[in-house]
Asks: 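Handing you a structure now.
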Amino acid sequence: MSISNALSNALSGLTATSRAAQIVSSNVANASTEGYGVRRLATAAQVTGNQGSGVRIVGVDRQVNPLLIGARRESDASLGQNTVLADFTRRIETAIGTPDSPSSLTTLFTAFEGSLISAANRPESQTRLTAVVDTAARLVSKLNTLSDTVQTARSQADQGIASDIMFLNETLSQIHEINVQIRNNQGSGRGNAALLDQQQALIDGIAPLIPLRELRDNIGQVALYSADGLALLDSRPAVFEFDRAAVMAPDLTLANAGLSGLRMNGRLLDFDGPFPALQGGKLAAQFALRDDKAITVQSQLDAVARDLAARFDTPGLDPTITAGDPGLFTDGGSLVDAANEVGLAGRLAVNASVDPDQGGAEWRLRDGVAAATEGIAGNTALLDDMLDALRAVTPTQSGGFSGAGRSMGTLAADMVSLAALARQSAELDEGFAATQYTSLREAELQTGVDTDREMQELLVIEQAYAANAKLIQTVEEMLDQLMRI
């Protein structure tokens with residue numbers, strides 16, 4: 001080896017170690033950066049003619065585990081889905097209230113039943129009759145509030161879908177732009193590691209919405225597909241369209257075209273049927289909440305409201321009312337109609353004829369809701385019949401409840417139990433998804449920047465740099481000696 005070759009080798013070594021030190025410093029600086037992939041300098045022996053002539057830099061490798069990232073993203077989507085559904089069930093259970101809560105549905109029903117018992121014992125007492133009106137109003141108000149809670153949850157899910165769709169479209173477009181930059185960098189010698197970091201962070205951002213499948217070509221361009229095979233980003237990003245609802249009401253559904261579906265590249269996606277689209281993420285969960293889960297809860301509340309009203313609309317119970325007139329409870333002032341049950345829980349009201357605040361009188365609870373004049377103060381017949389109607393075991397007609405006979409108290413208790421059961425089941429799924437996500441996330445972080453290892457790498461680089469520098473110094477001394485000869 002000539003002296004000039006030795007000098008050239010040492011200089012190439014200095015160049016490589018300088019670049020390696022730069023990469024290590026970048027790794028350490030980005031130790032806590034989301035989506036950052038650890039870099040390692042790739043080198044190879046440089047050959048000139050038939051002789052080695054130092055080292056050459058092949059490139060910079062970005063070290064990530066695509067299988068682990070894919071599994072983590074899938075668990076992220078599952079967690080997003082289960083969190084949406086668990087939050088909804090917790091919200092509904094809290095709104096209904098547990099039996100030990102003073103404002104729970106069962107507690108308010110018990111108070112109403114108790115006030116009827118008390119009034120039947122002393123029908124001449126205006127105080128006790130007023131208590132019946134008050135507890136009935138509280139029970140109705142509870143059902144109204146629960147209906148509002150369900151519709152608010154549906155509205156928020158609708159808004160969430162609109163927001164997520166906007167974010168999804170923007171992010172897919174940004175990922176596509178990075179693909180274009182990667183393609184433009186092809187052959188220029190510029191590295192794509194930073195672009196890949198940015199792209200990974202963007203993909204991670206939409207991972208909770210839809211379970212993703214990622215494919216990369218030989219130059220690093222990414223294609224994204226949903227778990228059911230829809231092309232979210234191939235040569236171009238997919239375009240999603242969704243129309244946010246201006247208002248939300250119980251009778252507005254996707255099935256009757258009252259609410260918007262989701263269109264992808266102009267085609268309406270089907271979230272039901274044997275092959276539902278985009279399942280497994282937060283986006284599908286919000287559709288499920290808006291179009292299924294919340295509607296089920298609303299139908300149960302409507303069934304409770306209908307059952308409650310029907311017990312006091314029983315023909316012959318109150319001799320003062322005629323066919324077509326409502327009993328103690330009304331649908332916004334009218335007789336409750338089974339054919340118009342949707343949203344009844346939100347419209348249920350106490351008959352104005354017994355409510356002094358609406359121009360009525362409490363004594364009509366005793367003498368008949370349509371009575372023109374006050375009757376005998378000690379008459380307990382109607383109050384006793386109302387109490388019997390409340391306690392009668394009758395089949396539940398709607399709401400997805402079984403057709404088994406129930407008293408009104410049993411129906412209210414079943415409503416509370418169903419809410420608790422739904423919450424427990426949803427939390428179980430959420431807990432499993434959270435555990436899986438946490439485990440995979442921790443495993444992924446372990447493949448990230450390890451600062452201890454980076455310091456060890458730096459020591460090795462320092463030694464290599466010093467060795468190459470010493471070689472250059474030695475060559476210089478040799479050349480000096482040659483010049484002095």
Asks: Identify all side-chain donor-acceptor contacts of residues 371-383 below 3.5 Å with residues at least two apart in sequence or on another chain.
Replies:
residue : atom : partner : partner atom : Å
Glu374  : OE2  : Arg366  : NH2          : 3.0
Asn379  : OD1  : Ala381  : N            : 3.0
Thr380  : OG1  : Asp384  : OD2          : 3.1

Asks: Is there side-chain contact between Leu269 and Leu230, with at least one heavy-atom pair below 4.5 Å?
Replies: yes
Asks: Hey, does Arg406 have a side-chain heavy atom less than 4.5 Å from the side chain of Val393?
Replies: no
Asks: Look at the side chain of Ser147 and the backbone N and O of Leu143, then say whether any donor-acceptor pair between them is shorter than 3.5 Å.
Replies: no
Asks: Distance-only check: which donor-acceptor pairs under 3.5 Å involve side-chain atoms of residues 302-309, not counting sequence neighbours?
Replies:
residue : atom : partner : partner atom : Å
Asp302  : OD1  : Gln298  : NE2          : 2.9
Asp302  : OD1  : Leu344  : N            : 3.1
Asp302  : OD1  : Ala345  : N            : 2.9
Asp302  : OD2  : Gly343  : N            : 2.7
Arg306  : NH1  : Glu341  : OE1          : 2.8
Asp307  : OD1  : Arg311  : NE           : 2.5
Asp307  : OD1  : Arg311  : NH2          : 3.1

Asks: Would you kindly say whether Arg154 and Gln151 are connected by a side-chain donor-acceptor distance under 3.5 Å?
Replies: yes
Asks: Between Leu224 and Val222, which heavy-atom pair has the shortest distance, and what is it?
Replies: CD2-CG2, 4.1 Å
Asks: With sequence neighbours excluded, what pairs up with Asp76 under the side-chain hydrogen bond (donor to acceptor under 3.5 Å, both in side chains) test?
Replies: none
Asks: If you measure from OG on Ser118 to CZ on Arg128, what distance do you get to the nearest 0.5 Å?
Replies: 3.5 Å
Asks: Output side-chain donor-acceptor pairs under 3.5 Å for residues 197-208, partner residues at least two apart or in another chain, one line each.
Replies:
residue : atom : partner : partner atom : Å
Asp197  : OD1  : Gly37   : N            : 3.0
Asp197  : OD1  : Arg39   : NH1          : 3.2
Asp197  : OD1  : Arg62   : NE           : 2.6
Asp197  : OD1  : Arg62   : NH2          : 3.1
Asp197  : OD2  : Arg39   : NH1          : 2.4
Asp197  : OD2  : Arg39   : NH2          : 2.6
Gln199  : OE1  : Arg216  : NH1          : 2.8
Gln199  : OE1  : Arg216  : NH2          : 3.0
Gln199  : NE2  : Ile175  : O            : 3.3
Gln199  : NE2  : Asn179  : OD1          : 3.0
Gln200  : OE1  : Arg62   : NH2          : 2.7
Asp204  : OD1  : Arg72   : NH1          : 3.3
Asp204  : OD1  : Arg72   : NH2          : 3.0
Asp204  : OD1  : Arg73   : NE           : 2.8
Asp204  : OD1  : Arg73   : NH2          : 3.2
Asp204  : OD2  : Arg72   : NH2          : 3.0

Asks: Let me see the working for Leu108 and Ser104 under side chain to side chain contact (heavy atoms under 4.5 Å, CB included), right down to the final yes or no.
Replies: CA-CA 6 Å; Leu108 292 174; Ser104 72; over 6 Å; no
Asks: Distance from Arg244 atom CZ to Met166 atom CE, nearest 0.5 Å?
Replies: 9.0 Å
Asks: Kindly give the heavy-atom pair with the smallest separation between Leu85 and Ala285, and that separation in Å.
Replies: CD2-O, 3.8 Å
Asks: What pairs with Thr98 under side chain to side chain contact (heavy atoms under 4.5 Å, CB included), at least two apart in sequence or on another chain?
Replies: Asp100, Ser101
Asks: Is a donor on one side and an acceptor on the other found under 3.5 Å between the side chain of Ser439 and the backbone of Thr435?
Replies: no
Asks: Counting neighbours of NZ on Lys293 that are heavy atoms of other residues, nucleotides or ligands and sit closer than 6.0 Å, is the number greater than 12?
Replies: no
Asks: Return the minimal non-hydrogen interatomic distance between Gly281 and Pro211, and the atom names on each side.
Replies: N-CD, 3.8 Å
Asks: I want to check something: taking the side chain as every heavy atom from C-beta on, are Phe312 and Leu390 in contact at a cut-off of under 4.5 Å?
Replies: yes
Asks: Please report the interatomic distance CG(Leu79) to CG(Asp429), rounded to the nearest 0.5 Å.
Replies: 11.5 Å
Asks: At their closest point, which heavy atom of Thr451 faces which heavy atom of Ala31, and how far apart are they?
Replies: CG2-CB, 4.0 Å
Asks: Going by side-chain hydrogen bond (donor to acceptor under 3.5 Å, both in side chains), name the pairs with one or both residues in residues 272-287, residues two or more places apart or in two chains.
Replies: Asp164-Gln286
Asks: Does the side chain of Pro237 come within less than 4.5 Å of Leu233's, by heavy atoms?
Replies: yes
Asks: State whether a side-chain donor-acceptor pair under 3.5 Å links Asp414 with Thr410.
Replies: no
Asks: Any chance you could measure Ser103, atom OG, to Ile96, atom CD1, to the nearest 0.5 Å?
Replies: 11.5 Å
Asks: Are side-chain heavy atoms of Val336 and Thr330 found at a separation under 4.5 Å?
Replies: no
Asks: Applying the side chain to side chain contact (heavy atoms under 4.5 Å, CB included) test to Leu365, which of Thr130, Leu129, Asn351 qualifies?
Replies: Leu129
Asks: So how far is it from Thr107 OG1 to Leu139 CG, rounded to the nearest 0.5 Å?
Replies: 11.0 Å
Asks: Let me confirm one number: the CG-CD1 distance from Asp87 to Ile92, rounded to the nearest 0.5 Å.
Replies: 11.5 Å
Asks: Check Arg364 with Asp367, please: is the shortest side-chain N to carboxylate O separation under 4.0 Å?
Replies: no
Asks: Ser173: what forms a side chain to side chain contact (heavy atoms under 4.5 Å, CB included) with it, not counting sequence neighbours?
Replies: none
Asks: If the threshold is 4.0 Å, N to carboxylate O, is there a salt bridge linking Arg391 and Glu113?
Replies: yes
Asks: Sequence neighbours left out, what passes side-chain hydrogen bond (donor to acceptor under 3.5 Å, both in side chains) with Gln63? Give chain and number order.
Replies: none
Asks: Can you tell me if Gln126 has over 12 outside heavy atoms packed within less than 6.0 Å of its CD?
Replies: no
Asks: May I have all residue pairs that pass side-chain hydrogen bond (donor to acceptor under 3.5 Å, both in side chains) and include part of residues 230-242, sequence neighbours excluded?
Replies: Tyr225-Asp234
Asks: Quick one: side-chain hydrogen bond (donor to acceptor under 3.5 Å, both in side chains) partners of Thr253, sequence neighbours excluded?
Replies: Asn256
Asks: Can you list the residues that meet the salt bridge (charged side-chain N to carboxylate O under 4.0 Å, His left out) rule with Arg263, with sequence neighbours excluded?
Replies: Asp243
Asks: I need the full list of ring pair (Phe, Tyr, Trp, His ring centres under 6.0 Å) pairs touching residues 240-282, with sequence neighbours left out, sorted by first then second residue.
Replies: Phe242-Phe287, Phe271-Phe287
Asks: If you draw a 6.0 Å radius around CZ in Arg90, do more than 12 non-hydrogen atoms from other residues or ligands fall strictly inside?
Replies: yes
Asks: Can you tell if the side chain of Arg290 reaches within under 4.5 Å of the side chain of Leu254, non-hydrogen atoms only?
Replies: yes
Asks: Is the count of non-hydrogen atoms from other residues, nucleotides or ligands lying under 6.0 Å from Arg91 atom CZ greater than 12?
Replies: yes
Asks: Closer than 3.5 angstrom, by distance alone: can the side chain of Ser417 be matched with the main-chain N or O of Ala413 as a donor-acceptor pair?
Replies: yes
